[in-house]
J.: 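Mind having a look at this structure? Questions to follow.
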Amino acid sequence: MCAIRVGRFWYNPVMRTVLESAFFDRDPAVVARALLGMFVVRMVEGHEVSLMITETEAYAGAEDRASHARFGKTARTAPMFGPPSTTYVYFTYGMHHMLNVACQAEGMPSAVLIRGAGNIVGPARLTKALAVDRGLSGQPLGKEVGLWFEDRGVVVAAQDIQVTPRVGVEYAGACARRLWRFVVRTASARTKSAR
DNA sequence: GCAGTGATCATA
DNA sequence: ATGATCACTGCC
């Protein structure tokens with residue numbers, strides 16, 4: 001039985017369970033926590049690239065003053081209101097793409113931002129590495145679009161998770177202090193402290 | 001420390 | 001139509 005090491009974590013390469021929409025049909029903070037140790041899988045130029053997720057953030061609906069859904073449904077944010085496992089990719093600062101997955105039932109806006117995976121730290125670096133752009137926004141995760149998530153049996157213990165406020169949402173008042181950022185503590189994926 | 005870059009959304 | 005803002009990164 002050959003196990004493969006990812007940082008301090010080991011997994012069995014035989015186990016590959018694709019995360020279906022039910023996984024995402026939960027509170028975004030629960031999903032964000034549960035995604036640590038899961039793998040994001042992307043087809044890029046005919047090759048399957050998979051990376052263990054190490055950093056996520058949760059975003060909720062209108063009551064979350066840090067969420068893009070706080071102003072209601074718009075052309076850009078409509079995927080956040082879609083069924084669970086809908087991708088929400090947006091373009092910001094004139095150059096960066098951000099990868100999110102919608103959570104909860106259709107009509108209930110929420111999402112998890114994937115901020116880091118494998119050795120990649122930073123949400124825009126991740127989308128660059130995985131060739132993710134707005135063309136994916138609004139599409140359901142799956143092999144049809146070449147982007148999906150898998151459970152490969154990595155278990156991340158609570159003691160290995162750092163929980164912090166979300167990055168870059170100081171404008172959100174009290175919501176900025178919500179502890180909705182989840183980071184796997186590893187030697188390689190050491191992160192900057194929240195700004 | 002801060003420039004770069006352009007979509008997005010509120011305001012009009 | 002206009003302007004401020006932005007769930008960021010890389011280079012100074």
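Letters A, B, ... mirror the listed sequences (proteins, then strands); counts begin at 1. What you see below is based on every heavy atom in this structure, not just the backbone, and it leaves out hydrogens, waters and symmetry mates.
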J.: Just the rounded figure in Å: distance from C1' of dC8(C) to CD1 of I120(A).
T.: 15 Å
J.: Using atom CG of L126(A) as one end and atom C1' of dG10(C) as the other, report the distance to the nearest whole Å.
T.: 17 Å
J.: Tell me which nucleotide, if any, is Watson-Crick or G-U wobble paired with dA7(C) when both distances must be under 3.5 Å.
T.: none
J.: Could you work out which one of dT8(B), dC6(C), dG10(C) sits closest to the side chain of R134(A)?
T.: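 Among dT8(B), dC6(C), dG10(C), the one nearest the side chain of R134(A) is dT8(B).
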J.: Atom CD1 of I114(A) and atom C1' of dC8(C): how far apart are they, to the nearest Å?
T.: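 One finds 17 Å between C1' of dC8(C) and CD1 of I114(A), rounded.
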J.: Is a side-chain donor-acceptor pair under 3.5 Å present for T87(A) with Q139(A)?
T.: no
J.: Are OP1 or OP2 of dC9(B) and a side-chain N or O of R76(A) less than 4.0 angstrom apart?
T.: yes
J.: Starting at CZ of R166(A) and ending at P of dC8(C), how long is that distance when rounded to a whole Å?
T.: 12 Å
J.: What nucleic acid atoms does Y59(A) come within less than 4.0 Å of, heavy atoms only: base, sugar-phosphate, or nothing?
T.: base
J.: Once you round it to whole Å, what is the distance between C1' of dT5(C) and OH of Y93(A)?
T.: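 The distance from OH of Y93(A) to C1' of dT5(C) comes to 8 Å, rounded to the nearest Å.
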J.: Using whole Å, report how far NE2 of H97(A) lies from P of dG6(B).
T.: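 Rounded to the whole Å, the gap is 12 Å.
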J.: Would you say a side-chain N or O of T74(A) is under 4.0 Å from OP1 or OP2 of dC9(B)?
T.: yes
J.: Any chance the side chains of S50(A) and R42(A) put a donor and an acceptor closer than 3.5 Å?
T.: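 Side-chain D/A pair, S50(A) to R42(A): absent.
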J.: Measure from NZ or CZ of R33(A) to the centre of the six-membered ring of F182(A) and say whether it is under 6.0 Å with the direction within 45° of the ring axis.
T.: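 That pair does not qualify as a cation-pi contact.
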J.: Below 4.0 angstrom from OP1 or OP2 of dA7(C), is there any side-chain N or O of R181(A)?
T.: no
J.: When you measure from the side chain of F71(A), which nucleotide among dA7(C), dT9(C), dA10(B) comes out closest?
T.: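 The closest nucleotide is dA10(B).
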J.: Out of dA7(C), dG4(B), dA10(B), which nucleotide sits closest to the side chain of H96(A)?
T.: dG4(B)
J.: Parallel, tilted or perpendicular: which fits the ring planes of F24(A) and F149(A), with parallel below 30° and perpendicular above 60°?
T.: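 Judged by the thresholds at 30° and 60°, the geometry between F24(A) and F149(A) is perpendicular.
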J.: Looking only at side-chain N and O atoms, does Y171(A) come under 4.0 Å of OP1 or OP2 in dA7(C)?
T.: yes
J.: Rounded to the Å, how far apart are E170(A) CD and dT5(C) P?
T.: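 These atoms are roughly 15 Å apart.
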J.: So A124(A), base contact, sugar-phosphate only, or nothing? Heavy-atom distance under 4.0 Å.
T.: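 Sugar-phosphate, backbone atoms only, no base.
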J.: As a test of reading the structure: which of dA10(B), dC8(C), dA7(C) is closest to the side chain of M98(A), going by heavy atoms?
T.: dC8(C)
J.: Is L19(A) close to L35(A) at the side-chain level, that is, under 4.5 Å between some pair of heavy atoms?
T.: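 Yes. Closest side-chain heavy atoms under 4.5 Å.
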J.: Does the structure show a Watson-Crick or G-U wobble partner for dT5(B), both distances under 3.5 Å? Name it, or say none.
T.: none
J.: Rounding to a whole Å, what distance do you find between M80(A):CE and dA7(C):P?
T.: 11 Å
J.: Both conditions, 6.0 Å and 45 degrees, for the charged tip of R65(A) above the ring of Y171(A): are they met here?
T.: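 So R65(A) doesn't make the cation-pi contact.
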J.: For M95(A), report the nucleic acid contact type (base, sugar-phosphate, nothing); a contact means any heavy atom under 4.0 Å.
T.: base
J.: Do any side-chain nitrogens or oxygens of H68(A) fall under 4.0 Å of OP1 or OP2 in dA7(C)?
T.: yes
J.: Among dA7(B), dA7(C), dT9(C), which nucleotide sits nearest the side chain of F91(A)?
T.: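 The answer is dA7(B).
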